[in-house]
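Just so we're clear, the structure is a prediction, and the values are computed from it rather than from any experiment. Both backbone and side-chain heavy atoms feed into the values below; hydrogens, waters and symmetry mates do not. Here, residue 1 is the first one in the sequence, and each next residue gets the next number.
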Amino acid sequence: MLGILFIYWIWKAFADLAEDNGKNKWLYFFIGIVSYYGGTIISGFILGIVLAILGDVSAVEEDSMNPGWNLLFVLCGGLACYGIYKLLEYRGEKERELLKEDSIDNIGINNENQGDL
């Protein structure tokens, strides 16, 4: 049930961001879901590799995994999703600034850097 809430929150946040930036909301939702599950999977792989390197190979068996690790994996997935969200938000702001600078209203206006011809 908690997973369904996470998916809804991710969809809502990324869909709103896509609408603010004038992008496809389903593409942004897909990016959000992939970043969440990707962060979760990568953190699991990193934990498994670290435990294998430390010599505790029995700790990576499925039966011996502590359920508390799932909370860590969800947290890592959430942080990855948040990082991608902030990256897309920053890119959207930069695109809006560039469109504002290059708008048709600015044609024919002399800038201080250009000087008079």
Contacts under 3.5 angstrom, residues 81-92 side chains, donor-acceptor by atom type, not counting sequence neighbours:
residue	atom	partner	partner atom	Å
Lys86	NZ	Glu89	OE1	3.0

Under 3.5 Å, sequence neighbours excluded: what are the donor-acceptor pairs made by side chains of residues 5-22?
residue	atom	partner	partner atom	Å
Asn21	OD1	Arg96	NH1	2.6
Asn21	ND2	Leu17	O	3.4

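- Pairing each heavy atom of Gly39 with each of Ala80, the nearest pair is CA-CB, 3.9 Å.
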With a 3.5 Å cut-off and sequence neighbours excluded, list the donor-acceptor pairs that the side chains of residues 28-37 form with protein atoms.
residue	atom	partner	partner atom	Å
Ser35	OG	Ile31	O	3.3
Ser35	OG	Gly32	O	2.7

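- In this structure, OG1 on Thr40 lies 9.5 Å from CG on Leu75, to the nearest 0.5 angstrom.
- For the atom pair CG (Leu47) and CG (Leu51), the distance works out to 4.5 Å, reported to the nearest 0.5 Å.
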